[in-house]
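As C-alpha cells, the structure follows; a few thoughts come after it.
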Amino acid sequence: MPFRFLLSLIAVFSFSNVELAAKADSPNIVVIFCDDLGYGDLGCFGHPTIKTPNLNRMATEGVRLTQFYVGAPVCTPSRAALMTGRLPIRSGMCSDKRRVLFPDSGGGIPASEVTLAEGLKQQGYATACVGKWHLGHLPQFLPTSNGFDSYFGIPYSNDMDRVNDAPRGREPFWNPKVEYWNVPLMRNLEIAERPADQTTITRRYTEEAISFITKNKDEKFFLYLPHSLPHVPLFRSKEFEGRSLRGLYGDVIEEIDWSVGQVPQTLRDLKLDQNTIVWFTSDNGPWLTFNDHGGSAGLLREGKGTTWDGGMREPSICWWPGTIPAGQVSAELGTTMDIYSTSLALAGAKLEKDRIVDGYDLTESLKGKSKSPREIVYYYRGTKLMALRKGPWKAHFATQESYTGNNKLTEHDPPVLYNLEVDPSEKWDVADQHADVIAEIKVAAEAHKATVVAVPSQLEIPLSK
Ligand code: MG
C-alpha cells in the first residue's frame, strides 16, 4: 500500500510538472483580423501601389501563407468558424435566408460552443477582444459572455444602422460621413459612443490593443483584434488622408498597416516577441461590387460572398520570432479554424470530445518541419456545400458570381474542376480529363456531409420587441 501510494504521488507530481512546463512554454496569442481584405491588397501579396511596410516586415520575419482560407465567404459565419474551430453549419451560425447577423437579429453564437477565448481562458490566459465582433450584439452573445475579459468595439458591420435621412442606395458610400451610420461603439456591455466616430476607429482599436498587451505583459494573454475596416464605408484618420496612390481604400489599408506594425513593435519593446505568436488574416475576400471602395483578390477569381477562391482565400501571415523561421513562404493548406486548434494546442488545452472540431494544429507545419495536416478545404455558401478542395484539386458542385444578393446559382454535374496550384485563377476546367479526381472528391464530400447534423440557424432569429 505505501509503495502504491508513493507511485501515485510520483504520478501526480510528474503530471503537475508536465502541466506547469507546458504552461510556461505556451506563447501569448494575437489574432489580427481584417474585414473584406482581398488577397491582392498588400504589398507583400503583390499590390503594386498600396504600401504595407509593416506587414511586409512581419512576412519577412515570419511565414507568408499563400493558401490560407476562411470558413465562409461572409462576415458572421467566417468569424464563427475562427471562434469555434468549426464549420458554421455545425453551430447554426449560417443561413440561406440571411447571410449575416443584423441589428434586428435576436440570435448569436450559441452558449454551447467553446470559443477560442473560453478555451484559452481555461488555461489561464488574460483575454481581450478589440474591434468588430459580429457574432450577436445582445448581452449573452457579446465577447464578455464568450470568454473575453473585456470588449471594445463596434459589435457588427460598420455599414449597419444607416440613419433615415442619409442618402439611399450606394450614394452615401462614395462620400462617407460618420453621421450616416448610427453604429454603436461598445465598452464591454455598454454603448460608449453613438454614432461611433469611424474616422479614428483604427487608431483607437490600436491604442486599446497596445494598452492590453502592456497591462498583461507579465501574464499569458490572448488578444483578438478584428478591425472594422476595410469594410465599406471607408474611413481613415487625418494622418492617413490622401497618402496612397490607391486612393481612399489604399489610405485605409495603410492605416491598418501602421496599426499592425504597433503590435510587433510593442512586443519587441516589452521583450515578448520570442514568446508571442501573431496571426494576420481577414474574414472574407473583397467586396468587388463597391468598385474602387472594395479591394482586389489579385490573381484569384471573384470576391466576397462567393466560393471562388477570391471569396475565401486570404492574404495571411504568421509571426513568432525564434520559433517560426524567418522568410518562409508556405503554400501548405490552412484555414482560420486551424488558428483555433493551433492556439489551443499551444496553450496545452484539450479539445472537447463531444463535438467535431474542424481545425488542425499547424504548429509543425508553421515551423517548416512538416506538411500541413490539412488536405481538404470545404467551401460553403450558407448551408450549401458549393465546392471542395482536396490537395491541389478544387471541384465546384455549384457556383454563383458576385455578391449582389440576387444573382443566380448554377449547379454543376459533373462538377467543374480546377487544379489550383496550376491555375489559381480558376480559368481552365479540366473535369473531363480527371474523372478519377472527381470521383474521389465526391466521396470526400459525401463522407463530410454524413458528419453534419442539422441545427437551427441563429441568423434567422428575429429580435423580440
Ligand atoms: Mg467581411
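Read the numbers this way: they start at 1 and go in the same order the structure lists the ligands and their atoms.
Between His293 and Trp174, the ring-plane angle classifies as perpendicular under the 30° and 60° cut-offs. A perpendicular orientation is assigned to the rings of Trp287 and Phe290, their planes being inclined by more than 60° (bins at 30° and 60°).
Computed with the Mg ion (ligand 1) at the centre, the Asn284 OD1 to Cys75 SG angle is 110°, stated to 10 degrees.
Take the N/O/S atoms of Asp35: the one nearest the Mg ion (ligand 1) is OD1. Of all the N, O or S atoms in Asp283, the one closest to the Mg ion (ligand 1) is OD2. Nearest to the Mg ion (ligand 1), among the N, O or S atoms that Asp36 has, is OD1.
The local environment of CD in Glu421 is crowded, with over 12 non-hydrogen atoms from other residues, nucleotides or ligands closer than 6.0 Å.
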* Glu255/Lys238 under salt bridge (Lys or Arg N to Asp or Glu O under 4.0 Å): CA gap, chis, key distance, verdict -> CA-CA 10 Å; Glu255 185 161 20; Lys238 279 259 175 299; over 6 Å; no
